[in-house]
Amino acid sequence: MADNGGGDAMIRLEKVSKWFDDFQALQDVDLTVYQGERVVICGPSGSGKSTLIRCINRLEEHESGRIVVDGIEMDDDTKHIAAIRAEIGMVFQQFNLFPHLSVLENCTLGPMKSRGLGRAEAEKLAMDYLEKVHIPEQAGKYPNHLSGGQQQRVAIARSLCMAPKIMLFDEPTSALDPEMIKEVLDVMIELAETGMTMICVTHEMGFAKTVADKMIFMDGGRIIEESPPAAFFAEPKSDRTKLFLSQILSH
Amino acid sequence: MAAMVRKKRRLHALDFIVLAAVAGLVGYVAYRVDTVLIYKWDWSAIPSYLFRWDDETATLVPNLLIKGLVTTIRISIWAMVVASIMGVVLGMARTSNRLFFRLVSWAYVGLIRNIPPVPFLFLFYFFISSQIMPLLGIDAAIRNASPETLAIAEVFFGPANLMSNFVSGLISLSMLSAAYIAEIVRAGIQAVPAGQREAGQTVGLSRFSIMRYIILPQAIERVVPPLAGQFISLIKDSSLVALISIQELTFLAMEIAISEQRFFEVWIFTGFMYFVVCYACALAFGWLEQRMGAHRR
């Protein structure tokens, strides 16, 4: 477990709210994530989990409250947005690989175009990370030729090539066939062991028990419960958490 | 990908009956026309307008129809290039975050698409020839050009004495086609899933880089078929610039038809020449479509 008490706050959210037209997706969300901490967020669909992590790198814009990432305030200043995005990698439910580029090119595009690396350097970096996710042999293929599990591992490698301090996972295994979930979770566990700060929206409770330092349960755009995994699974405080856990753990 | 439905490659008995009926109808109409129309077909003039014997050099040299065809191909290729550049820029502007860009592009596309091409050509040609051409200084450039430069320019833009005429037609035609290409490009851009842009943002790319390396390549790949259709339309629409005296195939065919008084022969043959060019273009795009991105699917 990360040392939460003495660690530096990597991400701080204060009273963050967001609306989609009349629907309030986030209501006064407070959250602090420390360096090296692994946070797992769960909750029913429409509870605001994805919106919450998408606000952290400005894929969604929050309407009130504060978001501070590694000391940088998230506001309308494009320099701040770019600086924060440079620190954060993200993995999506639908992978979102670039279908017109090979696996290797998917990984080198960011380093070459935004960090200004040369091709050779970027390719070496990409191959290092493709080895870390155990698919260097797929480097020359196009995303559509890979299985879902392989595609998601490429997506993880692509993010890591930007050397982020924080990784966000938005239901990374929800679009996968059951037999491929493990290969992706294994890579995520290995990543967690390197000390990466991670926020994962997932319903994989086995994974949560293995790696999480902190469990968060959301419902109706609010954080209902926030506790260490042992306490979270053994004795959830809120009835809604109990109900949710009973529904997803019963099978 | 799911198993594709196998397309049948053979005609059925019923298809042959329908084809026979259509052939019979065409034959009957031809017969009726032949009995009503008293016309003596004479194709003998056509070959001499394709090539003529030049006594000075003692060789066959291209005559009006071939010259016109070359001008048509030249103007079409250039207009495709210019209209594509304009169309991509306008199409991007249509999806811009900035209201100003969206408005400019919207106004341009709306104006061009809702005026018939002929009034547009007449009005715009007057404006180009009186305002834009002096501004571009093409006539002056031609006058001052060395023979070597002029020789190279003639390969690309045709004979020097008609070059400024050619460029006016080219600009007019490009402006017409750009509006349609802009709409095709806009549709292509909007068909790229939002997740692609988001993934680009998370790997630190600028808005420009996302457009250049992620959105546009996928958008263009998606719109190759409608773009091919637009390019073929452009070749056919190039015949409209005959109205503003650009000396391309239709303009010269009109002159021959009048001077020879052989309307049917000249126009049927001219139509055939357009057909060959357009069909070749369609085949080329069909081939391109097959090649493009096939290795990624």
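Just so it is clear, the model here is predicted, and its values are computed rather than measured. First the proteins, then the strands, lettered A, B, ... as listed; each starts at 1.
- Looking at A:Arg158, both its backbone and its side chain come within 4.5 Å of chain B, counting heavy atoms on both sides.
- Between the CZ atom in B:Arg207 and the OG1 atom in A:Thr78 there is a gap of 10.0 Å [rounded to 0.5 Å].
- Within a 6.0 Å radius of CZ in A:Arg115, other residues, nucleotides and ligands contribute more than 12 heavy atoms.
- Interface residue B:Ser209: only side-chain heavy atoms are found under 4.5 Å from chain A.
- Ranked by heavy-atom pairs under 4.5 Å with chain B, the first of A:Met162, A:Lys141, A:His100 is A:His100.
- In plain terms, the two heavy atoms of B:Gly204 and A:Ser114 that are nearest each other are O-CB, 3.0 Å.
- Two residues are said to be in side-chain contact when any heavy atoms from C-beta on lie closer than 4.5 Å; A:Arg54 and B:Glu198 meet this criterion.
- Considering B:Ile210, B:Leu205, B:Val203 as possible partners of A:Leu109, the one that fulfils the side-chain contact (heavy atoms from CB on, under 4.5 Å) test is B:Leu205.
- Looking at A:Ile88, only its backbone comes within 4.5 Å of chain B, counting heavy atoms on both sides.
- Closest approach of B:Ala199 to A:Phe98, counting heavy atoms only: CB-CE2, 3.8 Å.
- The distance from atom OG1 of B:Thr202 to atom CG of A:Leu168, rounded to the nearest 0.5 Å, is 9.0 Å.
- For A:Leu97, the part lying under 4.5 angstrom from a heavy atom of chain B is the backbone only.
- Formation of a donor-acceptor pair under 3.5 Å by the A:Asn96 side chain with backbone atoms of B:Gly195 is found in this model.
- Of all the listed residues (A:Pro111, A:Gly89, A:Pro164, A:Gly110), the one sharing the greatest number of non-hydrogen pairs under 4.5 Å with chain B is A:Gly110.
- Residue B:Tyr213 holds its OH atom at 12.5 Å from CD of A:Glu105, rounded to the nearest 0.5 Å.
- At least one side-chain heavy atom of B:Gln196 sits less than 4.5 Å from a side-chain heavy atom of A:Pro99.
- Around CZ of B:Phe100, the count of heavy atoms belonging to other residues, nucleotides or ligands within 6.0 Å does not exceed 12.
- Interface residue A:Phe92: only side-chain heavy atoms are found under 4.5 Å from chain B.
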